[in-house]
Asks: 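The structure follows.
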Amino acid sequence: MSISLGELSMTKKTWTPIEEIFTGKFTEKSVNIRGWIYRTRSSGNIVFMTIRDATGTLQVTIKINNVGEHAFNDAKKALIESSLTITGTIKQDTRAPGGYELLATENQIITFADPFPITKDQSPEYLLDQRHLWLRSQKLTAIMKIRSTVVGAIHDFFRQQGFYEFDAPILQPNQCEGGSTLFEVKYYQDKTYLSQSWQLYAEAGIFSLEKIYNMGPTFRAERSKTSRHLSEFWMAEMEAAWMDLEDIIAIAKDEIRFILTQVLTCNTKELIYLNQDVEKLTRISKADYPVITYTEALEILKDKENLVVEWGKDLRTLEESTLMNHFESPLVVTNYPVDIMAFYKPRDPVHPDTALCFDMIAPGNYGEIIGGSQRSTDIAEMTKRLQDMGESIDNYQWYFDLRRYGSVPHSGYGLGVERVVAWICGTDNIKDTIPFPRTLLRFRP
RNA sequence: GCCGUCUUAGCUCAGUUGGUGGAGCACCCGGCUGUUAACCGGGCGGUCGCCGGUUCGAGUCCGGCAGACGGCGCCA
C-alpha cells in the first residue's frame with residue numbers, strides 16, 4: 001500500500017543523506033533515509049536493495065522478522081525505481097558494497113514503479129529516447145554534478161575578477177559568426193533569429209561597465225553530426241574594454257585553471273567514477289598553457305607528423321587532434337589567417353595576413369573550447385567584409401555607432417560549456433554533458 | 001553538402017547453403033536467511049522496418065521506399 005504524498009509531507013522526520021552514512025558517524029545509530037530503488041534482489045525471507053538518493057547509494061537489508069510480513073511483501077514486490085522511505089540501524093559490514101549497510105526496522109513504499117524500461121543492455125539511441133529516465137543513471141548524475149560545478153565556477157571566476165553579468169537578447173535580428181546558420185523565429189509580422197552569440201551586444205555593454213560576462217544558451221543550425229556539436233549549447237562569454245589579445249589569453253588560461261580547481265575540489269568522487277585521471281587534471285590545473293601561432297602550428301604538423309596544411313586553410317578536426325598529440329594541457333593558438341575569420345576580428349598590424357585572435361584547443365578529441373579576439377574598430381573594413389558575406393549593412397549601424405562615440409581597444413572570448421565539461425569528464429559524446437541535448441537530428445524529449 | 005553503417009521479442013543481439021524464428025535481460029509464477037547487474041526451475045512475449053520481385057518455399061537472394069545512427073566539412 002502506498003502512502004499519500006500529502007501524508008508524507010506532514011511527517012517531521014530527519015532524513016539522512018546517504019553520502020553521510022559512509023563517514024561512519026551513524027554506525028549503530030538509527031537513521032531515516034529516502035530515495036529510489038537502484039537494484040533489488042531477494043532470497044527467501046531477506047531482501048537486499050541498493051537505494052540511491054542525490055548523494056550516493058547504500059545497501060539496505062530487509063528481514064521479515066524485523067519489519068513484519070506486510071512491509072516485507074511490499075519490499076519484495078517493489079520494482080527498480082520505486083520510491084520509498086526506510087528507517088533502520090546503520091551497520092558496518094564487509095559484505096555490503098562500500099562497507100556499510102542499513103538494517104531496516106521499517107520500510108514504506110511511496111510509489112510502486114512500473115517496470116523500468118532501461119535494463120542492462122541499451123543502445124545510445126535508446127538511452128536518448130529515454131533521456132528523461134536515463135538522467136537518473138550514476139553516469140549522468142556524476143556528469144551533471146560536474147556541470148553544475150563548472151557553471152558555478154564560471155560565475156565565481158568573473159565576479160571575483162570584477163566583471164558584471166550583462167544580458168543580451170536571445171532574439172536577434174542579425175548574424176554574428178559568418179557562415180554559421182541561424183534558427184529563424186516568427187516574430188509577430190516579422191522574423192528574427194535565435195542568438196548565435198552575445199558578443200555584439202556585449203560590445204555595447206563595455207562602454208558603461210567595462211568588464212562584463214555572461215553565460216547562456218546559444219543556437220547554431222549547423223548541419224554537424226559529430227560527437228562535439230550541439231544545436232543548442234551554453235556559451236560563457238566575456239568582453240572587456242581596454243584589453244588586448246594578450247590580456248584576454250591570460251584571463252582565459254586563469255579561467256580554465258579556476259574551473260579545474262573547483263571541480264577537483266568538489267567532484268573528486270565523480271571524476272573517479274568517470275575513470276578520469278585526477279592527478280593529471282591536478283597537474284593541468286596548475287600548469288601554464290603553451291601559446292603558439294597558427295603558422296607555428298602548421299610547422300609542428302609538418303615537422304613532427306608529416307602533415308602538410310596549406311597556409312590560409314583553417315585547422316580541421318584531424319589537424320587539431322593530431323596537433324594535440326604533442327600537448328597534455330590545453331593549447332592556445334593565435335593569429336589565424338585573417339581572411340577565414342569573422343568580420344569583427346582585426347588584422348594584426350605586425351603580421352597583416354593574420355588576425356588578432358586565438359582559439360584554445362582541449363587535449364584529446366574535444367576540439368576548440370574557447371575562441372576569441374580583439375575587436376575591429378575599423379568601420380570601413382568591417383563594412384567591406386560584411387558586404388562580401390552578403391549581409392545587410394543596415395542591421396549593423398548601431399554596432400558601428402559603438403566605434404563612432406568614444407571607441408576604445410577591446411577584446412573578448414566565448415567558452416563552450418559543454419565542451420569543457422566533456423573534456424573534464426572524458427565523455428565519448430558531448431550529448432552526455434547537457435540534460436536534454438538538441439542536435440541536427442534530435443529535439444525530443 | 002559528401003561518405004558509411006544499421007533495422008529480428010519491451011531492451012541487447014544470434015540466426016549456417018533459401019527448408020515450420022532463438023538466446024540473455026526485463027516482467028509474471030515457484031524455490032532459497034547474506035545477496036553484490038544474485039542464483040535455480042517454469043511461464044509470458046514476434047506483421048523478422050514497409051512495398052514489390054525471384055522461388056515449390058524468403059528473416060536469408062534482388063529492386064525500391066522509409067526510419068535510425070556514425071564520420072567528414074563548418075564551428076564553441
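Here is how names work: the chains are called A, B, and so on, in the same order as the sequence lines, proteins then strands, and each is numbered from 1. Keep in mind the model is a prediction, meaning the values are calculated, not measured.
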Asks: Measure CZ/F48(A) against C1'/A37(B) and give the value in whole Å, please.
Replies: 15 Å
Asks: Under a 3.5 Å cutoff, is there a donor and acceptor pairing between the side chains of N335(A) and T293(A)?
Replies: no
Asks: Between T317(A) and K76(A), who's closer to the 5' end of RNA chain B by nearest nucleotide?
Replies: K76(A)
Asks: Within the sub-3.5 Å range, which N or O atoms of nucleotides 6-14 of chain B have a protein N or O partner, and how far apart are they?
Replies:
unit_1: C11(B); atom_1: O2'; unit_2: D121(A); atom_2: O; d: 2.3
unit_1: U12(B); atom_1: OP1; unit_2: S123(A); atom_2: OG; d: 2.7

Asks: Say we look at C65(B) and G71(B): how far apart would their P atoms be, to the nearest angstrom?
Replies: 26 Å
Asks: Whole angstrom is fine here: how far is it from CG in L127(A) over to P in C25(B)?
Replies: 20 Å
Asks: Please set out all donor-acceptor pairs under 3.5 angstrom arising from side-chain atoms of residues 321-333 of chain A, sequence neighbours excluded.
Replies:
unit_1: S321(A); atom_1: OG; unit_2: T317(A); atom_2: O; d: 3.1
unit_1: S321(A); atom_1: OG; unit_2: L318(A); atom_2: O; d: 3.3
unit_1: T322(A); atom_1: OG1; unit_2: L318(A); atom_2: O; d: 2.6
unit_1: N325(A); atom_1: ND2; unit_2: T322(A); atom_2: O; d: 3.3
unit_1: H326(A); atom_1: NE2; unit_2: E305(A); atom_2: OE2; d: 2.9
unit_1: E328(A); atom_1: OE1; unit_2: R283(A); atom_2: NE; d: 3.3
unit_1: E328(A); atom_1: OE2; unit_2: R283(A); atom_2: NH2; d: 2.8

Asks: Does a side chain donor of either T295(A) or W311(A) reach within less than 3.5 Å of an acceptor in the other side chain?
Replies: yes
Asks: Taking the same atom, C1', in G18(B) and in C56(B), what whole-Å distance lies between them?
Replies: 12 Å
Asks: What is the distance, rounded to the nearest whole Å, between atom CZ of R41(A) and atom P of U35(B)?
Replies: 10 Å
Asks: Quick one, which residues of residues 429-445 of chain A touch RNA chain B with a heavy atom under 4.0 Å?
Replies: K431(A), L441(A), R442(A)
Asks: Could you give the distance separating G52(B) and G70(B) at their P atoms, to the nearest angstrom?
Replies: 32 Å
Asks: I need the full list of ring pair (Phe, Tyr, Trp, His ring centres under 6.0 Å) pairs touching residues 116-147 of chain A, with sequence neighbours left out, sorted by first then second residue.
Replies: none
Asks: Among all residues two or more places apart in sequence or in another chain, which pass the ring pair (Phe, Tyr, Trp, His ring centres under 6.0 Å) test with Y100(A)?
Replies: F22(A)
Asks: Who pairs with R316(A) by salt bridge (charged side-chain N to carboxylate O under 4.0 Å, His left out), at least two apart in sequence or on another chain?
Replies: E319(A)
Asks: Roughly how many Å is it from CD1 in I118(A) to C1' in A37(B), rounded to a whole number?
Replies: 15 Å
Asks: Donor-acceptor pairs under 3.5 angstrom involving side-chain atoms of residues 422-429 of chain A: please list them, not counting sequence neighbours.
Replies:
unit_1: T427(A); atom_1: OG1; unit_2: N429(A); atom_2: O; d: 3.4
unit_1: N429(A); atom_1: OD1; unit_2: K431(A); atom_2: N; d: 2.9

Asks: For T61(A) and U35(B), is the shortest distance between a side-chain N/O and OP1 or OP2 below 4.0 Å?
Replies: no
Asks: Does the side chain of H229(A) come under 3.5 Å of the side chain of T226(A) through a donor N or O and an acceptor N or O?
Replies: yes
Asks: Rounding to an integer number of angstrom, what distance separates G15(B) and A23(B) when you compare their P atoms?
Replies: 15 Å
Asks: Expressed as a whole number of Å, how far does the P atom of U8(B) sit from that of C51(B)?
Replies: 16 Å
Asks: Counting the atoms with a prime plus P, OP1 and OP2 as sugar-phosphate, which does Q130(A) contact under 4.0 Å by heavy atoms, base, sugar-phosphate, or nothing?
Replies: nothing
Asks: Return whichever of R95(A) or E320(A) has its heavy-atom-nearest nucleotide of RNA chain B closer to the 5' end.
Replies: R95(A)
Asks: Would you mind reporting whether T50(A) and I37(A) have side-chain heavy atoms less than 4.5 Å apart?
Replies: no
Asks: Classify the side-chain pair Y164(A)/E210(A) by whether it contains a donor and acceptor separated by less than 3.5 Å.
Replies: no
Asks: Mind checking E418(A) for me? I need base, sugar-phosphate or nothing, with any heavy atom below 4.0 Å counting as a touch.
Replies: nothing
Asks: Expected output is a numbered-order residue list: members of residues 250-263 of chain A with a heavy atom under 4.0 Å from any atom of RNA chain B. What is it?
Replies: none
Asks: Nearest whole angstrom, please: distance from the C1' of G73(B) to the CD of E319(A).
Replies: 11 Å
Asks: Please work out if L415(A) contacts a base, only the sugar-phosphate, or nothing of the nucleic acid, heavy-atom cut-off 4.0 Å.
Replies: nothing
Asks: Measuring only the P atom in each nucleotide, how far is A58(B) from G21(B)? A whole number of Å is fine.
Replies: 11 Å
Asks: Represent RNA chain B in dot-bracket notation, 5' to 3'. Only Watson-Crick or G-U wobble pairs with both distances under 3.5 Å count; pseudoknot-style crossings use [ ] and interstrand partners use |.
Replies: (((((((..((((.....[..)))).(((((.......))))).....(((((..]....))))))))))))....
Asks: Just to be sure I understand the geometry, which residues of residues 223-232 of chain A put a non-hydrogen atom under 4.0 Å away from RNA chain B?
Replies: R223(A), S224(A), K225(A), T226(A), S227(A), R228(A), H229(A), L230(A)
Asks: Hydrogens and angles aside, do N32(A) and T87(A) bring a side-chain donor and acceptor to less than 3.5 Å of each other?
Replies: yes
Asks: With a 3.5 Å cut-off and sequence neighbours excluded, list the donor-acceptor pairs that the side chains of residues 150-161 of chain A form with protein atoms.
Replies:
unit_1: H155(A); atom_1: ND1; unit_2: Y213(A); atom_2: OH; d: 2.7
unit_1: R159(A); atom_1: NE; unit_2: Y213(A); atom_2: OH; d: 2.8
unit_1: R159(A); atom_1: NH2; unit_2: E165(A); atom_2: OE1; d: 2.7

Asks: Can a salt bridge be assigned to the pair R257(A) and D288(A) using a cut-off of 4.0 Å between side-chain N and carboxylate O?
Replies: yes
Asks: Compute whether any side-chain donor of one residue and acceptor of the other, for D167(A) and N214(A), lie under 3.5 angstrom apart.
Replies: yes
Asks: Using a 4.0 Å heavy-atom cut-off, does I370(A) contact any base of the nucleic acid, only the sugar-phosphate backbone, or nothing at all?
Replies: sugar-phosphate
Asks: Would you measure the distance from the C1' atom in G59(B) across to the matching atom in C6(B) and give it in whole Å?
Replies: 15 Å
Asks: Please enumerate all residues that pass side chain to side chain contact (heavy atoms under 4.5 Å, CB included) together with I393(A), with sequence neighbours excluded.
Replies: T383(A), L386(A), Q387(A), Q397(A), F400(A)
Asks: Would you mind classifying the nucleic acid contact of D93(A) as base, sugar-phosphate or nothing, using non-hydrogen atoms under 4.0 angstrom?
Replies: base
Asks: Any base atoms under 4.0 Å from R39(A), or only sugar-phosphate, or nothing? Heavy atoms, all strands.
Replies: sugar-phosphate
Asks: What do you reckon, is CD of E69(A) surrounded by more than 12 foreign heavy atoms closer than 6.0 Å?
Replies: no
Asks: To the nearest Å, give me how far apart NZ (K91(A)) and C1' (G34(B)) are.
Replies: 15 Å
Asks: Whole-Å distance between C29(B) P and N73(A) CG?
Replies: 11 Å
Asks: What integer number of Å spans the C1' atoms of A9(B) and C48(B)?
Replies: 10 Å
Asks: Do you see a donor-acceptor pair shorter than 3.5 Å between the side chains of E203(A) and H410(A)?
Replies: yes
Asks: Please determine, by modelled atom types, if T61(A) and E101(A) share a side-chain donor-acceptor pair under 3.5 angstrom.
Replies: yes
Asks: For the side chain of E222(A) and the base of G73(B), is some donor closer than 3.5 Å to an acceptor across the two?
Replies: no
Asks: Any base atoms under 4.0 Å from A96(A), or only sugar-phosphate, or nothing? Heavy atoms, all strands.
Replies: base
Asks: Is a donor from one side chain sitting under 3.5 angstrom from an acceptor on the other, for Q172(A) and T192(A)?
Replies: no
Asks: Which whole-number value in Å describes the distance from Q196(A) CD to C74(B) C1'?
Replies: 12 Å
